[in-house]
There are 2 protein chains.
Amino acid sequence: MPRRPSEPILPHSEQAFLAAYDASKFPRPSVTVDLVLLTVENESLRALLLKRLEHPDRDRWALPGGFVGYDEPVDVAAARVLRDKVGLEGIFVEQLFTFGDPARDPRMRVISVAHFALVSPMTLRRAIDTSRSNTMSLATIRIPWIGEADGPVHAIDSNGTELPLAFDHAHILGKAVARLRGRLNYSPIAFELVGEEFTLRSLQQVHEAILGHPVNKDAFRRRILASGQTSPTGKYQSSVQHRPAELYRFVRQSHTSDHT
Amino acid sequence: MPRRPSEPILPHSEQAFLAAYDASKFPRPSVTVDLVLLTVENESLRALLLKRLEHPDRDRWALPGGFVGYDEPVDVAAARVLRDKVGLEGIFVEQLFTFGDPARDPRMRVISVAHFALVSPMTLRRAIDTSRSNTMSLATIRIPWIGEADGPVHAIDSNGTELPLAFDHAHILGKAVARLRGRLNYSPIAFELVGEEFTLRSLQQVHEAILGHPVNKDAFRRRILASGQTSPTGKYQSSVQHRPAELYRFVRQSHTSDHT
DNA sequence: TGAATAGTGTCTATAAGACAATATCCC
DNA sequence: GGGATATTGTCTTATAGACACTATTCA
């Protein structure tokens, strides 16, 4: 049962607090979550966007998002948006950054806690197909900066046309890319973007798509194999026009933080 | 002039939006900022805490914080809290994480955008002395986990007594420490914690206090000097009972993100 | 002179980059 | 067999850790 701010359960001597923060005197911002759902498909980084059907920013493309309920944890709100708007559950979701510029939404003050989610392209395509929505686009992300410089990015549809982004969502997407790049080197985050079984080459292509530049193949193989995060399945690719690569699985490590 | 949610400037055809989010039907969470103000003094990591004088959690110790104004950017609210409650301006402040558990404040739903700030111990001591508040403590932080595992931490006052922390502030402090540790290796963040001129040894002690373990002296010197982030001043320590170390200055690098 | 820390030089271990050689699939 | 990519091995280079040695200040 939601507890309203106008009828809080008060221990006595709370008057001073409420005097300093009277809800009627100080209107509250709205709080939302926005979701940057990323995948890597065909060696390009892609994000799920929804076409806005209403003003403001009608016909522009926006991240899936929604209001945070009064009694709803923020991470639960993000999972709810992912489930209700995209049809996905149980994938990697992490809080990204909170965007709170008063002018970011022209209607009213909206503070948005952005999250980013990672999923394999197969799983995401299945969810998009199931939703049968024609206002969904899995747009390619073009990043006009290098490293973790951060900044707005561009969204390109499958025809190569740029999709205009709504609100400050170009900045939110950029922040997600910067975070992803930063975490790639010391976190097993890339495994979230491939299926259960994958080749080292496909994992390398995921890294390259995220970083935006080629990585050394030999060093990459050595590093991944030495990390102990993979185990060979003994199975191999089939129907490829070259020597088939071995398939590996991700092995989640026990959290033994080492301090060298 | 603040624009109230009850009287927004509406382009027409916004009815659908407002119907889906009627402020009277869906009470809004309050939004606050909390500030983790960290420094390193005498080889220990310390944070500024304020004793709570009111319920709830009266007599427990809390981070400086405050409500975000309806028309106030979140980062501006953090800077305002820093100025009004601590008396500091112009220091390093960065958004940390948003804490939104519905039960984190027993009075009402409060979503807090936590920030962390870094300052040299000299500057912070001067601010504390100027404020003449006896409800301020620069507490030593004890971290019961290693690496970036994250989790609640303990606050210890100058007598070695543990200070009980208010709300979820032990978790917020822990998140700040984890973030600081993570950024230490690839960001010139440690320079924020020393004065204008510093010895390499003192910078090393800052690193050690943050990481919670000793670092190799030789490699540390080489790495810092090779980074190009320091310039020697030609000046030396005085009144020390050993060979005086040279004083260095921080040289901010131009943002040339390299992609190796 | 001795205690204490600053600073330099060298050797070793580890990880990355470069590149060659061999392996295995489909056509 | 030829084309293509996988996989292995070796050499080189860059960086970190270990450790010895010299330098400089004050008591």
field: Nearest-Å distance for atom pair CZ/P, residues B:Phe220 and D:dC19
entry: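 Going from B:Phe220 (CZ) to D:dC19 (P), I get 20 Å.
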
message: Output the rounded distance in Å from CZ (A:Arg201) to P (D:dA4).
response: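 Result: 14 Å.
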
- request: Would you please name every residue forming a side-chain contact (heavy atoms from CB on, under 4.5 Å) with A:Ala170, sequence neighbours left out?
  value: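 Testing A:Ala170 for side-chain contact (heavy atoms from CB on, under 4.5 Å), a comparison that skips the adjacent residues, returns A:Pro152, A:Leu165.
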
field: Protein-nucleotide distance (B:Gln204, atom CD; C:dG7, atom C1'), rounded to Å
entry: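 Those two atoms, CD and C1', are 13 Å apart.
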
message: Can you list everything that forms a salt bridge (Lys or Arg N to Asp or Glu O under 4.0 Å) with B:Arg181? Sequence neighbours excluded, please.
response: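 Salt bridge (Lys or Arg N to Asp or Glu O under 4.0 Å) list for B:Arg181, sorted by chain: empty.
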
query: With respect to the side chain of B:Asn216, which nucleotide from C:dA20, D:dC19, D:dA18 is positioned closest?
result: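 Side chain of B:Asn216 sits closest to D:dA18.
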
field: B:His115: ring pair (Phe, Tyr, Trp, His ring centres under 6.0 Å) partners, not counting sequence neighbours
entry: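 B:His115 satisfies ring pair (Phe, Tyr, Trp, His ring centres under 6.0 Å) with no residue once adjacent residues are dropped.
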
- prompt: What is the distance, rounded to the nearest whole Å, between atom CD of A:Glu246 and atom C1' of C:dC25?
  reply: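 Nearest whole value for this atom pair: 15 Å.
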
field: Nucleotide of D:dC19, C:dC19, C:dG7 approaching B:Lys217 most closely (side-chain heavy atoms)
entry: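 The listed nucleotide nearest to B:Lys217's side chain is C:dG7.
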
message: Applying side-chain contact (heavy atoms from CB on, under 4.5 Å), can you list everything that pairs with B:Arg125, at least two apart in sequence or on another chain?
response: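 B:Arg125: side-chain contact (heavy atoms from CB on, under 4.5 Å) contacts with B:Glu41, B:Arg46, B:Leu138.
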
query: What parts of residues 222-245 of chain A reach DNA chain C, counting only heavy atoms under 4.0 Å away?
result: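 Nucleic-acid contacts, sorted: A:Arg222, A:Arg223, A:Val240, A:Gln241, A:His242, A:Arg243, A:Pro244.
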
task: Round to a whole Å and report the spacing from CG of B:Asp218 to P of D:dC21.
output: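 Rounding to the nearest Å, CG of B:Asp218 and P of D:dC21 are 15 Å apart.
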
message: Going by side-chain contact (heavy atoms from CB on, under 4.5 Å), name the residues that satisfy it together with B:Ala47, two or more places apart in sequence or in a different chain.
response: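 Partners of B:Ala47 by the side-chain contact (heavy atoms from CB on, under 4.5 Å) criterion, ordered by chain and then number, come out as B:Leu38, B:Ile141, B:Leu173.
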
message: Pick the closest DNA chain D nucleotide for B:Ala219 and for A:Leu247 by heavy atoms, then say which residue is nearer the 5' end.
response: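 The 5'-side residue here is A:Leu247.
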
task: Return yes when atom NE2 of A:His207 has more than 12 non-hydrogen atoms of other residues, nucleotides or ligands closer than 6.0 Å, and no otherwise.
output: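 Yes, NE2 of A:His207 has more than 12 neighbouring heavy atoms, counting only those of other groups under 6.0 Å.
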
message: Output the rounded distance in Å from CZ (A:Arg221) to C1' (D:dT10).
response: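 Distance check: A:Arg221 CZ to D:dT10 C1' gives 16 Å.
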
